[in-house]
Amino acid sequence: MSACVPARADSARTKHVHPPHSPPPGGPRRFRVAGADVSASIAVFLIALPLSLGIALATGAPLQAGLVAAAVGGIVAGRIGGCPLQVSGPAAGLTVVTADLIQQYGWRTTCAITVFAGIAQLGLGCLRVARTALAVSPAIVHGMLAGIGVTIAVAQLHIVLGGTPQSSVPDNLVALPAQLANLHPADVAVSVLTLTLLLLWPRLPGRAGDILGKLPAALIAVGGATAVAALTGLRLPKVDLPSWSSHALASLPEGPVLGLVAAVLTTTLVCSVQSLLGAVAVDKLVAARPALTGRVKRSDLDRELLGQGAANIVSGSLGGLPIAGVAVRSSANVAAGAVSRNSTMLHGVLVVIAALLLVPALELIPLASLAALVMSVGLKMVSLNHIRTVTRHREVLVYAVTTCGVVFLGVLEGVVLGIAVAVGVALHRLTRTRITHDDVDGVHHVHVRGQLTFLAVPRLSRVLHQVPHGADAVVELDGSFMDHAAYETLQDWQKTHTAQGGSVDITGRRPGTRISEPAEVDGCRCRPWTPWRNHQCERPSKAPAPGTDRRAASGSPTRESPATTPGPNAPGTSGESRAPGAYGAPGATGTTEQPRGHELARGISAFHRNTAPLMRRELARLAREGQQPSQLFLTCADSRVVTSMITSSGPGDLFVVRNVGNFVPLPGEESGDDSVAAAIEYAVDVLKVRSITVCGHSGCGAMQALLGADPAGARTPLQRWLRHGLPSLERVPADAAEDGRERPRLAGRAPADAAERLCLANVVQQLEHLRAHESVARALGAGDVELQGMYFHVGEAQSYLLSEDTEGGVFELVRETNLTA
């Protein structure tokens, strides 16, 4: 009967049984913390400890509340949150909100508000709306943080001077003259010392500065000021940490319901937006960091919102400050090399230990030193980089209104004002359209700048009717949107003007905005740098005859008519099959016969229609001034290597020399090629280029042909040309390690095959050939030019630059950088 039992019934019992000759399985898996996480947690802890006390001081909350929030943020948010390397805790961005709540409702009710804000965050996380928070304009967020920073700095300035801050910025500014007249020298001296250490510690020169600079400046500043105050016997207000037994916890909220609801919404908004934007920023920092031993996952924003909500519930229940992701601590965590959430959690554990065991040491810290530290943090929140960014994007009005609203009215009021102004600016941009009319050599140009909506139709119609009947007209649409009313107006005017003997050419930045009929006849909708097949549109195929396979009619390979595939050693092939006449080329099976040169003429026509109007002014300038390229770019003639695209260069930037295999023949060599040498001499001596780049690429047919070439059988021109690659072939013998020398290689992985290994060696070899040319050697000796090696992987669309600092040469991947920051 046991034979009838299905095999899978025993699988649960036999699944974990080890083979008879293998060692027994190990015990339960032990928890391990990477060394990088330990060192990172210590660095973050040393920053978090003084900042947590300072932020608690700035809000008017019990100082222990800052330690509670730091510990809970590290342990709870670090464990549950969706951004592994983001450090959460009491944030300077919440200082103004929390201070207002404490003053209005008291500390215990503020703790209850924090709990309800955490519950609201949990609800938002369950609804998966975290991405919606990122729709807030960055100008509003930066303006909010700047306003909070100004409020913090003005308030803490009173403590720095030895006084007590008022409840609002206007009151603090009014009371400032009296405070300056009644300075406390001891408080000022400690504050100045703290600010001086904060400023100078990261700038210590020499090797000692590199070593000591690893210690956080905040810790050194507060610790140094505390030590000086203790040694000199200065009498100052200091940190007062009451017994944990008397620590105030949350209670039921008391106050008007609408006010409490507004307080919960404000706390939820500020905590959530700051945490989510911080998670996105941490992802960018991690991506820009060098390769790690452990891979860090990208942030799950909905889970991060859940983690922040849980942390706020626990923090508020235990009498802690509201919690959010903190930029300073998160940046330090990433920079210290953390590889998992263990660093964040361990930093929270260290805060707990310090709060329980280091109370006597913490009570030596002068309040003026903490105030100076928090004041510097507030001033840094007014970022000049943010101001430049919003100015460049024409959002400085939104930034300024939000900042002033937060400073003089409050955080929620300032954010609401900023959103209102941002909506107004967007509507203004949508309705603001400039329409001009110029007559250039008998051709009437109508230029439309901005979005073309029904609001602009009266002006558009008035300008269009200024074009004389029968004249040649060009309508340039410089915008990204055109509604139906504007489209009909243009179309009707075009038909009328054409019927009266005139011509109309409608162009725009966006391909497809052309309204004239020829575009419809061609059926061409090519767009620059979007997926395309040789950037040529496929011609409509004839309807297949009854019983005919539709794939055969379109020129696709079928089982009955197999496609011919070029050999793997053919120059310029990538190993992919391509049917004869595919992509609408002449000769495609079942396609309409095209006149000779049709594709070339169509491409030129597309250039005249879409690109020429945008480039005409720049090309005219180059025609007047002559070419002044900065680089000589030597690369292969392979059609897939588009030099302007992979280098993001434009007309006049590159002096390009292309040949099969990107070879640089040695000067004076038998059967050499003077055209390459002439181009090098002209570029170096006449054009005065500053760099010369030799670029190889993956799937190079010349390298594949070279591997199977017969040196003695050079009969055709191609075979004779490939002899220039024999020195490269000698650099890569069959046994790559037979002479013990390092070979050119890619950083992070081994070459995919012999052809790729030969391609890398060929780049290095051609650089050596370049140095043998007299003009290049002379320029190198004078320091006027530099040589660069480059490898472009076609399939991965990634470029590598040669680093010759290591033996054999290593091609390092060029990483993405933020060019707008």
Side-chain angles (χ1 to χ4, degrees), residues 29 31-34 37-38 40-41 44-45 48 52 65-91 93-94 111 113-134 250 264 267-283 285-286 294-327 329-330 332-334 338-352:
R29 188 175 180 181
F31 176 73
R32 294 183 179 180
V33 180
D37 286 333
V38 175
S41 67
V44 175
F45 160 73
S52 301
L67 299 177
V68 171
V72 172
I75 298 173
V76 178
R79 179 64 186 89
I80 303 176
C83 182
L85 300 190
Q86 176 161 251
V87 181
S88 301
L94 295 165
C111 292
I113 290 173
T114 302
V115 173
F116 284 111
I119 295 174
Q121 286 181 301
L122 287 180
L124 294 176
C126 293
L127 293 175
R128 306 184 68 83
V129 296
R131 291 280 174 186
T132 306
L134 301 181
V264 171
T267 306
T268 303
L269 172 67
V270 178
C271 290
S272 302
V273 172
Q274 182 168 343
S275 300
L276 295 176
L277 293 177
V280 174
V282 169
D283 284 343
L285 292 175
V286 172
R295 184 172 176 267
V296 180
K297 294 182 179 179
R298 291 186 63 85
S299 299
D300 182 343
L301 297 184
D302 293 306
R303 179 178 172 181
E304 179 64 18
L305 207 53
L306 293 173
Q308 296 294 331
N312 273 314
I313 292 174
V314 175
S315 179
S317 301
L318 297 180
L321 292 170
I323 288 173
V326 189
R329 278 162 262 183
S330 301
N333 194 34
V334 175
V339 295
S340 72
R341 62 180 71 246
N342 293 332
S343 63
T344 303
M345 298 169 61
L346 187 56
H347 124 270
V349 173
L350 293 176
V351 172
V352 173

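Bear in mind that the values here come from a model prediction, so they are computed numbers and not experimental data.
For S315, there are no side chain to side chain donor-acceptor pair (under 3.5 Å) partners, not counting sequence neighbours. Residues satisfying the side-chain contact (heavy atoms from CB on, under 4.5 Å) criterion with A310, sequence neighbours excluded, are V76, I80. Residues satisfying the side-chain contact (heavy atoms from CB on, under 4.5 Å) criterion with I119, sequence neighbours excluded, are V115, F116, I313. With sequence neighbours left out, Q274 forms a side chain to side chain donor-acceptor pair (under 3.5 Å) with no residue at all. Every residue two or more places apart in sequence or in another chain that forms a side chain to side chain donor-acceptor pair (under 3.5 Å) with E304 is listed here: Q86, Q308. For the side-chain contact (heavy atoms from CB on, under 4.5 Å) test, residues two or more places apart in sequence or in another chain that qualify with L306 are L122, C126. For S52, there are no side chain to side chain donor-acceptor pair (under 3.5 Å) partners two or more places apart in sequence or in a different chain. Evaluation of the side-chain contact (heavy atoms from CB on, under 4.5 Å) rule for R128 yields D302 as partners, not counting sequence neighbours.
The shortest side-chain heavy-atom distance between S343 and V44 does not fall under the 4.5 Å cut-off. Two residues are said to be in side-chain contact when any heavy atoms from C-beta on lie closer than 4.5 Å; L321 and T114 fail this criterion.
No donor-acceptor distance shorter than 3.5 angstrom exists from the side chain of S275 to the backbone of S272, with no hydrogens or angles considered. In this structure a side-chain-to-backbone donor-acceptor pair under 3.5 Å is missing from T344 to V87.
T267 OG1 to I113 CD1: the interatomic distance, rounded to the nearest 0.5 Å, is 6.5 Å. Annotation: the span from Q121 atom CD to L124 atom CG amounts to 7.5 Å, rounded to 0.5 Å. The structure places SG of C271 at 10.0 Å from CG of L305, a figure rounded to the nearest 0.5 Å.
Taking both residues in full, the closest heavy atoms of A70 and V351 are given as CB-CG1, 4.0 Å, listed atom of the first, atom of the second, then distance. The two residues S41 and L350 come nearest to each other via the heavy atoms O-CD1, 4.0 Å. Residues S88 and V326 approach most closely at C-CG2, 4.3 Å, considering heavy atoms. Between L276 and L301 the shortest heavy-atom distance is CD2-O, 3.6 Å. The minimum heavy-atom distance linking A120 with T268 is given by the pair CB-OG1, 3.7 Å. Here the closest non-hydrogen pair linking H347 and A48 is NE2-CB, 3.8 Å.
Listed by first and then second residue, the salt bridge (charged side-chain N to carboxylate O under 4.0 Å, His left out) pairs involving residues 338-352 amount to none (not counting sequence neighbours). Within the structure, side chain to side chain donor-acceptor pair (under 3.5 Å) pairs that include any residue of residues 74-84 do not occur (at least two apart or interchain).
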(message) Test side chain to side chain contact (heavy atoms under 4.5 Å, CB included) on V72 and I323; report intermediate values, then the result.
(response) CA-CA 8 Å; V72 172; I323 288 173; 3.9 Å; yes

(message) Run V282 and S299 through side chain to side chain contact (heavy atoms under 4.5 Å, CB included) and show every step you take.
(response) CA-CA 9 Å; V282 169; S299 299; 5.6 Å; no

